[in-house]
Amino acid sequence: MATININLLPEELRPGKGGGGMSAPSIDRAAMMPIAIGGIVALVLGATPSLADSMWLTPWTETVAAEDAEIQAEIDKYNTTLKDLQSQGDRENLLKKQLATLQGVAGVTASWGEILNELRTLTPGNLWFESFKADNEKSEITVAGGALDYGSVAYFHRNLEHSEFFANPVLSKTEMTAGAVPTVKWDMKITVRMTGEKK
């Protein structure tokens with residue numbers, strides 16, 4: 001069977017025809033392949049920085065900036081708190097100086113806060129207070145309470161005798177009371193040394 005080849009190209013594009021007898025240049029695909037690959041690689045390399053910037057660098061930069069803003073806000077908050085604490089400390093020091101001045105004018109060197117704190121440190125764990133009365137004119141306090149045993153009352157009495165803020169502790173009553181847990185009821189009058197003189 002015979003094969004018939006039909007060339008559908010225009011006359012001027014057919015090999016060996018047209019263009020004044022000159023043939024159209026043929027393209028060597030094997031030679032063009034490296035050029036095409038090089039062009040594609042150049043396009044990819046040229047687009048990589050902008051793609052990296054838009055896909056990774058810009059979001060990362062925005063995240064870091066947001067985190068920095070949050071950290072700075074926390075630092076500002078702590079700085080404000082620190083300034084408030086420093087202001088309160090300065091005020092406390094000023095009040096202490098004013099208190100010392102007033103105590104000097106009044107002829108005392110101890111405050112009721114110091115005296116009550118001293119009373120707390122002298123109190124054994126098995127003893128407690130139920131009433132507290134102060135007589136400023138006599139510089140005397142009357143305290144009453146309970147204890148789990150007589151030894152705790154005696155220990156408290158001895159501590160008061162050796163304190164720089166208290167003197168002449170006088171027990172008015174010690175009485176054991178019955179109950180689910182037997183307790184000792186006691187009351188005592190104590191002279192308060194507002195000058196804090198050591199014995």
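Positions are given from 1 along the sequence.
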Exercise. In Å and rounded to the nearest 0.5 Å, what is the NZ to CG distance from Lys189 to Asp135?
Worked result: 8.5 Å
Exercise. Got a donor-acceptor contact below 3.5 angstrom from the His157 side chain to the Pro169 backbone?
Worked result: yes
Exercise. Just wondering, do Val153 and Leu127 contact through their side chains at under 4.5 Å, heavy atoms?
Worked result: yes
Problem set entry | Any Phe166 side-chain heavy atom under 4.5 Å of Glu118 side chain | yes
Exercise. Do Leu122 and Tyr150 sit in the same hydrophobic cluster, where Ile, Leu, Val, Met, Phe, Trp and Tyr count as joined when their side-chain heavy atoms come under 4.5 Å apart?
Worked result: yes
Exercise. Between atom NZ of Lys173 and atom CG of Leu171, what is the distance when rounded to the nearest 0.5 Å?
Worked result: 11.0 Å
Exercise. Asn126 and Asp149: side-chain contact (heavy atoms from CB on, under 4.5 Å), yes or no, with the steps?
Worked result: CA-CA 8 Å; Asn126 291 336; Asp149 50 53; 4.2 Å; yes
Exercise. When rounded to the nearest 0.5 angstrom, what distance separates CG in Leu119 from CD in Glu114?
Worked result: 13.5 Å
Exercise. Have Ser87 and Asp90 got a donor and an acceptor in their side chains that come within less than 3.5 Å?
Worked result: no
Problem set entry | side-chain contact (heavy atoms from CB on, under 4.5 Å) evaluation trace for Thr123 with Trp128 | CA-CA 8 Å; Thr123 304; Trp128 59 89; over 6 Å; no
Exercise. Going from CD on Glu175 to OG1 on Thr177, what distance comes out if it is rounded to the nearest 0.5 angstrom?
Worked result: 7.0 Å
Exercise. Between Ala147 and Ser152, which heavy-atom pair has the shortest distance, and what is it?
Worked result: CB-CB, 4.2 Å
For this session: Enumerate the residue pairs fulfilling salt bridge (charged side-chain N to carboxylate O under 4.0 Å, His left out) with a member in residues 74-87, sequence neighbours excluded, ordered by first and then second residue.
Result: Glu74-Lys77
Output a table of donor-acceptor pairs, distance under 3.5 Å, between side-chain atoms of residues 138-145 and any protein atom two or more places apart or on a different chain; print 'none' if there are none.
none

For this session: Let me see the working for Met176 and Lys185 under side-chain contact (heavy atoms from CB on, under 4.5 Å), right down to the final yes or no.
Result: CA-CA 6 Å; Met176 180 67 77; Lys185 294 294 182 183; over 6 Å; no
For this session: State, with a plain yes or no, whether a side-chain heavy atom of Gln72 is found less than 4.5 Å away from one of Ile75.
Result: yes
For this session: Would you please test Ile190 and Asn168 for side-chain contact (heavy atoms from CB on, under 4.5 Å) and show each step?
Result: CA-CA 6 Å; Ile190 311 164; Asn168 306 322; over 6 Å; no
For this session: Kindly say whether the aromatic ring centers of Phe156 and Trp186 come within a distance under 6.0 Å.
Result: yes
For this session: Keeping the roles fixed (side chain from Ser163, backbone from Asn159), state whether a donor-acceptor pair exists under 3.5 Å.
Result: no
Exercise. Roughly how far, to the nearest 0.5 Å, is CD of Glu164 from CD1 of Ile115?
Worked result: 10.0 Å
Exercise. Roughly how far, to the nearest 0.5 Å, is the CE atom of Met188 from the OG atom of Ser172?
Worked result: 8.5 Å
Exercise. Hey, quick one: are Phe129 and Val192 part of the same hydrophobic cluster, counting side-chain heavy atoms closer than 4.5 Å, chains of contacts allowed?
Worked result: yes
Seminar exercise, completed: Taken in chain and number order and not counting sequence neighbours, the residues that satisfy side chain to side chain contact (heavy atoms under 4.5 Å, CB included) with Gln88 are Leu85
